[in-house]
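What follows is a short report on a single structure.
Each residue takes its place number in the sequence, starting with 1. When a ligand or atom number is given, it counts from 1 through the structure's own listing order.
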Amino acid sequence: MHNLVWLRNDLRISDNPALHAACKRGSVTCVFLLDHRQWQEHDMSPWRIALILRSIDCVSQQLAKLGITLLIMHCDGFTNAAKLVVDCAQQVQAGCVYFNAEIALNEQRRDNEVEAALNKSGIGCERHQNFTHLAPGSVTKPDGSGYTVFTPFKKRWLAHPLAEPSKPLDPPAPQGPAITAQVAPELLGSVRKDLGAALWPAGETAAQACLKDFVHHRASAYDQQRDLPLQPGTSKLSPHLAVGTVSAGQCLYAAYGANNNVLTMGNAGLDAWISELIWREFYNHILAAHPRLSMGQAFRRETERLEWNHNDEWLARWQAGETGLPLVDAGMRQLNTTGWMHNRLRMVTSQFLAKHLFINWREGERYFMRNLVDGDLAANNGGWQWSASTGTDAVPYFRMFNPIRQAERFDPTGAFVRSQIPELAKSQGKSIFTPWQYAENKAYPKPVIDLAQARDATLAAWKRIRDNA
Ligand SMILES: Cc1cc2nc3c(=O)[nH]c(=O)nc-3n(C[C@H](O)[C@H](O)[C@H](O)COP(=O)(O)OP(=O)(O)OC[C@H]3O[C@@H](n4cnc5c(N)ncnc54)[C@H](O)[C@@H]3O)c2cc1C
């Protein structure tokens with residue numbers, strides 16, 4: 001039987017269960033739907049769109065070598081996906097359409113519509129799962145309910161019979177002689193395919209090289225280096241995980257092997273990295289269990305009563321990296337110029353917006369999505385609601401990272417800040433932490449707010465909703 005495989009955020013040929021299953025049943029054609037309208041509605045960043053286009057080219061070439069065609073089609077919004085997939089399946093005379101499930105609400109609704117339309121047309125539909133290593137809904141408390149706190153989730157996750165990663169699925173065997181690969185457009189809307197090409201190498205081969213390099217050379221020091229933005233201490237695999245040029249299972253399998261076949265109680269660096277991959281699982285499981293998070297709602301409903309500040313000037317200065325707080329600005333400028341921000345800085349910048357400026361976390365969540373190369377609803381929403389204290393297992397409302405103390409701790413020489421903020425490139429010694437106190441830094445803005453006053457105002461706003469609980 002001939003089959004159609006619908007590729008989405010799984011742009012790889014190895015460890016791809018939908019592709020693997022379809023190839024086992026017969027010959028295969030693949031399809032990718034370029035949905036620029038929907039991507040814009042979902043705030044997908046130009047960096048990420050460009051990475052997707054380049055990743056499509058890579059997987060298209062890999063498939064072509066196996067004699068498998070990847071059709072690249074334009075789709076105008078999720079509501080048109082069902083018709084396109086059915087038409088495509090009929091054109092290639094596929095008996096069944098295979099795809100790997102996505103977790104966010106709109107994507108699930110679209111997939112349900114596609115499945116219903118296929119069934120109505122007498123075409124089979126098989127949905128697989130591997131955006132996370134363990135399927136959402138499979139890590140539950142003994143009473144069957146889901147976890148909302150990370151530590152017990154992680155404990156249960158580690159005890160799950162499928163937690164230990166097995167060897168990832170191989171690429172499919174060739175189904176015929178090599179063919180000519182279809183190519184993604186050079187331009188989608190106003191996004192050029194080569195945007196960020198030097199920073200973010202695309203495709204499965206690049207992802208595997210990045211994974212191998214990290215696991216063998218840097219992962220064992222991850223626990224000591226991961227918080228220092230100047231160091232290449234983290235894997236930078238998040239863009240690959242977001243577009244699916246590597247799977248969570250492949251990451252876990254590589255780390256597990258390097259960690260003498262344990263997921264915990266092994267090397268401190270590898271243990272810590274595996275734990276971060278479990279955070280990714282946690283937020284995806286949370287998103288699946290609480291669809292209202294996909295609709296912009298706060299996890300903790302009482303926090304909807306917080307009276308956020310509305311201040312366009314503060315928001316614009318935060319976005320531009322001109323708040324006058326060097327570590328915050330360095331993080332925002334790293335985001336604006338590369339599409340990526342170090343995790344420590346994501347925590348510092350998000351807390352500064354949601355706590356000190358007390359601007360609604362949704363503004364920051366949206367800005368991150370519109371600018372991150374690794375933008376991912378589950379991790380981004382989880383991270384923002386963690387920082388804003390509105391989320392599951394969030395930082396307590398009274399805890400606010402002080403951006404000056406954070407800089408002293410995690411960028412003690414100021415070298416990272418200097419690398420991102422040219423106005424401070426010549427700033428000497430400790431003046432890098434409080435540049436407004438030194439005449440030589442007058443090209444750099446003064447702080448947008450007084451940290452102590454802002455802290456008091458935020459605590460008062462939280463007290464008001466707690467008193468009225
Ligand atoms: C406000 C905020 C927003 C964020 N937005 C995103 C986002 O849109 N997309 C995204 O992938 N991550 C997001 N994160 C999580 C984290 O910052 C990034 O995953 C990490 O910086 C990516 O770099 P890396 O691949 O080098 O990570 P590594 O440190 O090498 O970690 C390996 C992988 O583990 C996962 N991971 C690590 N930390 C977290 C975490 N805290 N939550 C969930 N998964 C994690 C990621 O998939 C990451 O690639 C956000 C965090 C915060 C605080």
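For atom 24 (P) of ligand 1, the closest heavy atom belonging to the protein is Lys236 N, 3.5 Å. Nearest protein heavy-atom neighbour of atom 12 (N) of ligand 1: Ala379 CB, 3.5 Å. Considering only non-hydrogen protein atoms, atom 16 (C) of ligand 1 sits nearest to Asn343 OD1, 3.3 Å. Residue, atom and distance of the protein heavy atom nearest to atom 33 (C) of ligand 1 are Leu277 CD2, 3.8 Å. Among all protein heavy atoms, the one lying closest to atom 8 (O) of ligand 1 is Asp376 N, 3.0 Å. Counting protein heavy atoms only, atom 22 (C) of ligand 1 is closest to Ser238 OG, 3.2 Å. Atom 2 (C) of ligand 1 has its closest protein heavy atom at Gly383 CA, 3.7 Å. Summary of contacts: the protein heavy atom closest to atom 14 (N) of ligand 1 is Arg346 NH1, 3.7 Å.
In this structure, a donor-acceptor pair under 3.5 Å is absent between the side chains of Gln420 and Asp329. In this model, no donor atom of one side chain and acceptor atom of the other lie less than 3.5 Å apart for Asp10 and Asn130. Side-chain N/O atoms of Ser350 and Ser387 include a donor and acceptor closer than 3.5 Å.
Close contacts between ligand 1 and Tyr283 involve ligand atoms 42 (N), 43 (C) [criterion: under 4.0 Å to a heavy atom]. In the vicinity of Gly375, heavy-atom distances shorter than 4.0 Å reach the ligand 1 atoms 8 (O). Close contacts of ligand 1 with Ser350, meaning ligand atoms under 4.0 Å from a residue heavy atom, involve 1 (C). Atom numbering of ligand 1 starts at 1 in the shown order; those under 4.0 Å from a heavy atom of Leu241 are 47 (O), 49 (O). Listed by number with element, the atoms of ligand 1 under 4.0 Å from a non-hydrogen atom of Tyr222 are 28 (P), 29 (O), 31 (O).
Checking only distances, Leu237 does come within under 3.5 Å of ligand 1, N or O to N or O. Geometrically, ligand 1 and His342 share no nitrogen or oxygen pair separated by less than 3.5 Å.
Distances from atom 40 (C) of ligand 1 to the heavy atoms of Arg344, Met341, Glu281, Glu276 show the closest one on Glu276. With atom 47 (O) of ligand 1 as the reference point, the heavy atom nearest to it among Arg226, Arg280, His240, Arg48 is part of Arg280. Taking each of Ser387, Ala219, Ser235 in turn, the one with a heavy atom nearest to atom 27 (O) of ligand 1 proves to be Ser235.
Annotation: cation-pi geometry not satisfied between Arg455 and Phe398 (NZ/CZ under 6.0 angstrom from ring centroid, within 45° of ring axis).
Ring planes of Tyr222 and Phe214: perpendicular class, angle over 60° (limits at 30 and 60°).
Contact annotation: Trp340 has at least one heavy atom less than 4.0 Å from an atom of ligand 1. Using 4.0 Å as the threshold, Trp273 has a heavy atom nearer than that to some atom of ligand 1.
The aromatic ring centroids of Trp318 and Phe352 lie 6.0 Å or more from each other. In this structure, the ring of Trp6 has its center no less than 6.0 angstrom from the ring center of Tyr98.
The residues Lys193 and Glu186 are annotated as salt-bridged, a charged nitrogen and a carboxylate oxygen being separated by less than 4.0 angstrom. A salt bridge links Arg333 with Glu423; the closest basic N to acidic carboxylate O contact falls under 4.0 Å. Comment: Arg280 does not engage Asp376 in a salt bridge, judged by the lack of any side-chain N to carboxylate O separation of less than 4.0 angstrom.
When Gln297, Glu302, Gln385, Arg362 are each tested for a side-chain hydrogen bond (donor to acceptor under 3.5 Å, both in side chains) with Thr390, only one passes: Gln385.
The heavy-atom pair separating Leu34 from Pro185 by the smallest distance is CD1-CD, 3.6 Å.
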